[in-house]
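In what follows, a structure is listed as structure tokens, so that the remarks can point back to it.
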Amino acid sequence: MSESQRRAILQDWKGGLGTLDVAAKHGVSRQTVWRITSRAKRLAQGESAALKEKAIALDAPAA
């Protein structure tokens with residue numbers, strides 16, 4: 001599956017379509033939609049955690 005297909009699936013899902021609707025629209029299984037959305041959520045959480053760590057490091061006094 002290409003990156004553009006993944007983006008389109010994620011965009012439709014974020015746009016409010018249900019997992020089954022997205023799967024039917026793109027001709028993929030619901031498991032595929034679930035994997036794509038789960039990965040996106042994990043990446044978003046990781047980015048959020050990385051940003052928090054960076055902010056903490058910036059606020060820390062220089063040694």
Side-chain angles (χ1 to χ4, degrees):
M1 177 174 290
S2 71
E3 188 62 31
S4 61
Q5 288 173 313
R6 286 185 184 96
R7 280 191 218 125
I9 288 170
L10 192 56
Q11 184 177 13
D12 284 342
W13 184 78
K14 284 183 175 180
L17 285 179
T19 300
L20 291 176
D21 295 329
V22 173
K25 179 178 178 181
H26 293 279
V28 297
S29 69
R30 63 183 180 191
Q31 290 85 4
T32 299
V33 175
W34 185 83
R35 281 192 295 267
I36 292 169
T37 56
S38 293
R39 183 173 185 262
K41 289 176 188 177
R42 284 194 313 270
L43 289 174
Q45 288 173 348
E47 290 172 1
S48 178
L51 290 173
K52 286 179 186 176
E53 287 178 18
K54 187 175 182 180
I56 290 169
L58 291 175
D59 287 339

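For this chain, numbers begin at 1 and follow the sequence in order.
Atoms NZ and CG, on Lys14 and Leu10 in that order, are 4.5 Å from each other to the nearest 0.5 Å. In this structure, the separation between CZ on Arg39 and CH2 on Trp34 is 13.5 Å, given to the nearest 0.5 Å. Rounding to the nearest 0.5 angstrom, the gap separating the CZ atom in Arg35 from the OG atom in Ser29 is 5.5 Å. In this structure, Thr32 OG1 and Ile9 CD1 are separated by 7.0 Å, a value rounded to the nearest 0.5 Å. Here the CG-OG1 distance, from Asp12 to Thr19, works out to 11.5 Å after rounding to the nearest 0.5 Å.
At a threshold of 4.5 Å between non-hydrogen side-chain atoms, the residues Arg6 and Met1 count as touching. Residues Lys25 and Asp21 form no side-chain contact, since every pair of their non-hydrogen atoms from C-beta on lies 4.5 Å or further apart.
Other residues, nucleotides and ligands contribute over 12 non-hydrogen atoms within 6.0 Å of the CD atom of Gln5.
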